[in-house]
Peer 1: 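Quick one: the structure is below, questions incoming.
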Amino acid sequence: MSLPLDPARIRAEFPSFKQADLKDLAFFENAGGSYTSASVLNRMRAYYWNTKVQPYGAYPASRAAGEAMDEAHRRMAIALNVAADWIHFGPSTSANTYTLGRAFESWLKPGDAVIVTNQDHEANTGAWRKLASRGAEIREWKVDPQTGHLNIADLDKLLDSKVRLLAMPHASNIVGEINPVADVVRRAKAFGVVTVVDGVSYAPHGLPDLLTLGCDIYLFSAYKVYGPHQGIMAVRPSLAAELPNQGHFFNETAPRKRLVPAGPDHAQIAASGGIVDYIEKVAEIAGPDAPGANPYRKAALAMRAQETALLAPLLDYLRKKNDVRLIGPDDPTKRVPTVSIVVDRPASHVAGMISRHNIGVGGGHFYAYRLLDAVGVNPTHGVLRMSFVHYTTPEEVDRLIAALDAEL
Ligand SMILES: Cc1ncc(COP(=O)(O)O)c(C=O)c1O
């Protein structure tokens, strides 16, 4: 198997791989939260050791604390190819969509329509469906009940001049298919629709270029992208300014505070700069000849190429197993390596059996309750989910296949 990223060099960036308690665990629950990179942990430690004071004050430690937070905003923005004033940190993506939902309550007029999908994690669909109580008409872009695929032709039937907002996932945390966000955004923009994209399941596989995607809001969770437990949302500044202030009244004109009513976690924000350090390291490991216009795109392409190569044998194996139903595409180039299958026993039970092989997988509905319902799977029965990222090794994938073969 030809891999663009040397697994040994990549894994050296994660202290978890050296811990006795995690030794030999083949970790396939990365969609629930990835390991944290040393670059993030170092910044976190530096913040707590040297600058654990109220930031943005007059004295040196306080100024340094504020500078570390500003640096995280700046660096994250560069990696996402937007200006720094797009970046907002909040406690989690669920908390961020909840706040956005409140903000849009008075931005919408009664009778305006909102498009949601039934492919999303509940965080990016429930918050918008609640707008029905404020008079919004909710239109559901439904998945294909067999494959979980979102069909563009179905979206076109929902779009008209009444629609003001559309929320969708970049990739579902169950189906794994990479949705054509730029195309959807183009179609939505033709009707003046604001687009909200949940990138939680996509971002760990390579941060996107938001300018190319074109959406108005992009959300992801730093704790799944080798970082601390924060939600990050990029919001088009002109839209953020238009939305009603959700913070304290005296913060009306403070762009970073208007959409984040919770007091920010200073240390975790500062540590998030380490996510970008790590991505630059990935670009360095990919080498000067790897494709990509800048380090962030280079790292994203290398992560995708690595994961596509690792994913092929698992999908080949599942394709041959007639009694297992894969949700989503079996072509590794069309999906992220978050692979869900329907098994004949409750999925959490099978996850327990796989864990006896020192392999961590998940079983359940993973908060995509509506999606499981839509594809005919009882959410309490759930799916077995095996999710990995670029730091996974070919040997671990082989071990997973052997364990599935023994237990299914
Ligand atoms: C696709 C997707 N969206 C949203 C969320 C919610 O993220 P958070 O845990 O940061 O609230 C998750 C969490 O698993 C997810 O997988």
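We count ligands from 1, going down the list as the structure has it; atoms in each ligand are counted the same way. Predicted model only: the values in this text are computed from it and were never measured. Note that these values count all heavy atoms, side chains included, but never hydrogens, waters or copies made by symmetry.
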Peer 1: List every atom of ligand 1 that sits less than 4.0 Å from any heavy atom of S92, numbering the atoms from 1 in the order shown and giving each element.
Peer 2: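 Within the 4.0 Å cut-off of S92, ligand 1 contributes 8 (P), 10 (O), 11 (O).
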
Peer 1: Is it the case that ligand 1 has an N or O less than 3.5 angstrom from some N or O of T93?
Peer 2: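 Yes; the residue has a nitrogen or oxygen that sits under 3.5 Å from a nitrogen or oxygen of the ligand.
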
Peer 1: Are D405 and Y317 linked by a side-chain donor-acceptor pair shorter than 3.5 Å?
Peer 2: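 Checked: D405/Y317 side chains pair up, N/O donor to acceptor below 3.5 Å.
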
Peer 1: Distance alone, cut at 3.5 Å: any donor-acceptor contact between the side chains of E307 and H205?
Peer 2: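 Indeed, the side chains of E307 and H205 share at least one donor-acceptor pair under 3.5 Å.
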
Peer 1: Report the part of Y223 (side chain from C-beta onward, or backbone N, CA, C, O) that has a heavy atom under 4.0 Å from ligand 1; answer both or neither where that applies.
Peer 2: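 It is the side chain that gets close, since no backbone atom is under 4.0 Å.
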
Peer 1: Enumerate the atoms of ligand 1 whose separation from the nearest heavy atom of S201 is less than 4.0 angstrom.
Peer 2: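 Selected atoms, number and element: 1 (C), 16 (O).
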
Peer 1: Ignoring hydrogens and geometry beyond distance, is a side-chain donor-acceptor pair present between S37 and S39 at under 3.5 Å?
Peer 2: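 Yes, S39 and S37 have a side-chain donor paired with an acceptor closer than 3.5 Å.
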
Peer 1: Which atoms of ligand 1 have any heavy atom of N173 under 4.0 Å away?
Peer 2: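 Listed by number with element: 1 (C), 16 (O).
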
Peer 1: The test is ring-ring contact (aromatic ring centres under 6.0 Å, His included); show your working for F14 and Y278 and say whether it passes.
Peer 2: CA-CA 10 Å; F14 293 88; Y278 175 64; 5.0 Å; yes

Peer 1: Give the atoms of ligand 1, by number and element, whose distance to some non-hydrogen atom of S94 is under 4.0 Å.
Peer 2: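 With S94 as reference, the close atoms of ligand 1 come out as 6 (C), 8 (P), 11 (O).
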
Peer 1: Nearest heavy atom to atom 15 (C) of ligand 1 wins, so pick from K224, Q119, H121.
Peer 2: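 Among K224, Q119, H121, the closest heavy atom to atom 15 (C) of ligand 1 comes from H121.
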
Peer 1: Does a donor on one side chain sit under 3.5 Å from an acceptor on the other, for T338 and S201?
Peer 2: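 No donor-acceptor contact under 3.5 Å links the two side chains.
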
Peer 1: Who's the nearest protein heavy-atom neighbour of atom 4 (C) of ligand 1, and how far?
Peer 2: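 For atom 4 (C) of ligand 1, the nearest protein heavy atom comes out as D198 OD2, 3.3 Å.
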
Peer 1: Distance alone, cut at 3.5 Å: any donor-acceptor contact between the side chains of H357 and E407?
Peer 2: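 There is such a pair (donor and acceptor under 3.5 Å, judged by atom type) between the side chains of H357 and E407.
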
Peer 1: Is it true that F27 and Y391 have ring centroids separated by less than 6.0 Å?
Peer 2: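 Ring centroids of F27 and Y391 are no less than 6.0 Å from each other.
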
Peer 1: At less than 4.0 angstrom from any non-hydrogen atom of S221, what atoms of ligand 1 do you find?
Peer 2: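 Every atom of ligand 1 under 4.0 Å from some heavy atom of S221: 7 (O), 8 (P), 10 (O).
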
